[in-house]
Amino acid sequence: MAGGRGTPLVEMKDISISFGGIKAVDHVSVDLYPGEVVGLLGHNGAGKSTLIKCLSGAYQRDAGEILIDGRPAAISNPRDARRYNIETIYQTLALADNLDAASNLFLGRELTTPLGLMDEAAMEAETRRIMARLNPNFRKFAAPVSALSGGQRQSVAIARAVYFNARILIMDEPTAALGPQETQMVAELIGELKRQGLGIFLIDHDVHQVKALCDRAAVMKNGRLVGIVRVEEVTTDDILAMIIAGKKPAHLAA
Amino acid sequence: MQHARTRSDAPARKSIFDSLELDTRLLGMIGAFVVLCLVFNLVTDGRFLTPRNIFNLTIQTVSVAIMATGMVFVIVTRNIDLSVGALLATCSAVMAMVQTVVLPGWLGLGLGHWAIAPLAIAAGLATGAVIGGFQGWLVGFLGIPAFIVTLGGLLVWRNVAWYLTNGQTIGPLDPTYQLLGGINGTLGESLSWGFGLAATVFALVYMATSRRNRRAHDFPVKPRWAEAVLGLVVAGAILGFVAVLNAYEVPARKLARIFEARGAVLPEGFTAGYGLPFSVILLILIAAGMTVIARRTRFGRYVFATGGNPDAAALSGINTRWLTVKVFALMGVLCALSAVVASARLTFHSNDIGTLDELRVIAAAVIGGTALAGGSGTIYGAILGALIMQSLQSGMAMVGVDAPFQNIVVGAVLVLAVLVDILYRKRTGER
């Protein structure tokens, strides 16, 4: 069902950003439709994370345009991105290690009582509710997240992104630190969110996983976009060739 | 299945300490404090733990303790403030000049006018907020390390205070203002009991409501007996403290003077206890307020989140630069409040007021368990840290330890306290 029809959820047009004279992202355009997963691939330093940080508000683009639902979107900081229902799961997870799961889940968007104080009980209750769905084995609600395992930390980060009705989800290597079972859990979650109509940008190094989870794959090299391909039209070798050689496969190049 | 769920939800309680869910670090500090007091009491033949000495110890601790609560936030956000002693001096100088020169001289308010103290204090608080906020802006928005900004501030504000007063001692200060100094303003016996009872009721009601809140959401709660024991301990501590301060009696000669001033005669056998000093009530209110800020407000949550992971805080949409300004401005306001207490206690502003306080304040926060790496610290810990430092200092003075040895011991204790804290964190697996 994904792709090609209607207005894209996100269009990033001609995005450029440079740091100290080095073009980290050089005139890259990608789009994303509702219910679609677009994989972003490339070597370390190819510009994937930088591109996506322009969308999540962590970086400010130098040039280019971002359209959400076909309308230009002003995103200059992470708060703006959240207003557009863009949620990000960072590679580093971006968790405050000294705080517990509920505090991290609601960080920056705390529930408050009518007096303006934080409603801890309500936040913990909501956290228990969503964790029961995402990771039923999760029990450490009172412990700081530094005391959690990699998978548990990951589920806190995912819960934070999913809880606030995200429409656009950015996942930066969500399975890098996970075991096989937890990776499977993330894969199932991506499938479920996709069915709910979210658009997902998935940054990943694992070509097989991209082929399994994504509808399209955008490959970057040295800050430039090599090409965007539908995963069913290419082999994993084709994608690898794009990543390494920076060339579109011959049968699609025309 | 049901059985398994309950078991993992509420793991089998291991010991009394687990049931009470007490902060072991707090227990350790209280233990160290109690041992310290008992040892001094033994060595001084019971002179250390008299109502009079406890009263003095309390009012001597207030000024540093007030600033230490703010230093917790500063250190939690991975900054430091070396200028608090100098900022205290500037605030004190401003307040002294406002009440002795500006208001009576330029605005013509008569000496002893009721508005002098509030206006002077307001001027001091504004000074503290503006200077603190300015230093916070230098740190947060211009990216100058807090160490440098406040090291410069230490020199600048110490000498601004000097300049404002021409280096003179300014006094005597307004009589109403002096009420905040400690022994010059106390609540008296019956009002102290009233305050103690109100505080006890408040604490118990608070414990009961939070328990009910947790039950309403089906969260695990402590066993009933554990809550009861904690409640008793809290009530005993509050009322015991009031009883001790009430037991410190106003000397008969002073009472006689007070009655004389009213045109009355001191009745035979009349005695009166001092009760809670206003400065201590101020500290209690600040401690309660700062604890609420730290635990229950978004600002406090952002302070701890920023200290734990500045990048994560920024990515969560927290304006960490503006947060830095607010934290330093709050520190400035607390310096001004400390300045009120410190100068009111002396009854004058002196040029060296608050000298070396920055080190006492930082030491109090650190002894109280605030980690210099950021992200963790408690208000009550910092106050307890200030109390431990002050007890150590005045206990040694009472025993007759030579002045150089006093400072050698205090310095060694600071380093030792941090070592113990590091070992504690290693054992409990905290960062």
Side-chain angles (χ1 to χ4, degrees), chain A residues 53 56-59 77-83 87-90 92-100 102-113 115-129 132 136-147 157 160 164 170 172, chain B residues 4-11 21 76-78 209-221 291-323 370-371 373-377 425 428-431:
Chain A
K53 279 184 176 171
S56 69
Y59 290 155
N77 59 48
R79 256 164 304 163
D80 293 340
R82 285 180 165 192
R83 264 203 298 282
E87 295 289 337
T88 312
I89 299 165
Y90 292 96
T92 56
L93 301 184
L95 297 173
D97 277 339
N98 54 337
L99 303 180
D100 61 20
S103 305
N104 271 291
L105 204 152
F106 286 94
L107 192 56
R109 294 182 279 210
E110 290 77 7
L111 302 179
T112 52
T113 61
L115 284 173
L117 298 176
M118 291 191 297
D119 195 343
E120 298 273 10
M123 289 194 280
E124 188 174 334
E126 287 296 293
T127 306
R128 283 172 187 266
R129 206 169 55 77
N137 297 323
F138 193 91
R139 285 280 180 278
K140 291 182 165 176
F141 290 99
V145 296
S146 60
R160 175 166 64 180
F164 293 94
I170 300 167
D172 193 347
Chain B
R5 229 193 73 109
T6 358
R7 267 229 329 244
S8 50
D9 253 357
E21 286 177 28
V76 162
T77 53
R78 304 190 178 185
T209 5
S210 44
R211 181 185 169 90
R212 193 167 337 121
N213 243 334
R214 292 191 67 79
R215 286 194 78 101
H217 284 284
D218 279 332
F219 300 160
V221 290
T291 305
V292 168
I293 290 175
R295 299 225 170 136
R296 300 294 309 277
T297 67
R298 307 177 82 175
F299 169 71
R301 174 61 48 81
Y302 297 167
V303 164
F304 281 84
T306 304
N309 188 343
D311 296 330
L315 290 173
S316 298
I318 296 168
N319 189 340
T320 51
R321 297 169 161 209
W322 184 228
L323 189 81
T370 310
S376 81
R425 279 167 205 265
T428 58
E430 251 182 84
R431 227 170 20 103

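To find a chain, count down the sequence lines: A is the first, B the second, and so on, and within it residues start at 1. Side chains included, hydrogens not; waters and symmetry mates left out as well; all remaining heavy atoms used.
- Nearest heavy-atom pair across B/Gly375 and A/Asn98 is O-ND2, 2.6 Å.
- In terms of heavy atoms, A/Arg79 sits closest to B/Gly317 at NE-O, 2.9 Å.
- Heavy-atom distances place no part of A/Phe141 under 4.5 Å from chain B, backbone and side chain included.
- Put simply, of A/Arg82, A/Met118, A/Arg109, the one with the most heavy-atom pairs under 4.5 Å next to chain B is A/Met118.
- Proximity to chain A (any heavy atom under 4.5 Å) is restricted, for B/Ala314, to the backbone atoms N, CA, C and O.
- Considering only heavy-atom pairs separated by less than 4.5 Å from chain B, the leading option among A/Ser103, A/Ala58, A/Gly57 is A/Ser103.
- Residues passing the side-chain contact (heavy atoms from CB on, under 4.5 Å) test with B/Arg321 are B/Phe141, B/Asn319, sequence neighbours excluded.
- Heavy-atom distances place the side chain of B/Arg214, and not its backbone, under 4.5 Å from chain A.
- Note that CG of B/Leu315 and NZ of A/Lys53 are 7.0 Å apart. Values are rounded to the nearest 0.5 Å.
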Apply side chain to side chain donor-acceptor pair (under 3.5 Å) to residues B/Arg298 and A/Thr112 and explain how you reach the verdict.
CA-CA 9 Å; B/Arg298 307 177 82 175; A/Thr112 52; 5.6 Å; no
Can you give me every donor-acceptor pair (side chain of residues 303-311 of chain B, partner residue at least two apart or in another chain, under 3.5 Å) with its distance?
| from | atom 1 | to | atom 2 | distance (Å) |
| --- | --- | --- | --- | --- |
| B/Thr306 | OG1 | B/Tyr302 | O | 2.6 |
| B/Asn309 | OD1 | B/Asp311 | N | 3.3 |
| B/Asn309 | OD1 | B/Ala312 | N | 3.2 |
| B/Asn309 | ND2 | A/Leu95 | O | 2.9 |

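- The main-chain N or O of A/Glu120 is never found under 3.5 Å from a side-chain atom of B/Arg296 such that the two would form a donor-acceptor pair.
- Residue-environment remark: CZ (B/Arg211) exceeds the threshold of 12 foreign heavy atoms within 6.0 Å.
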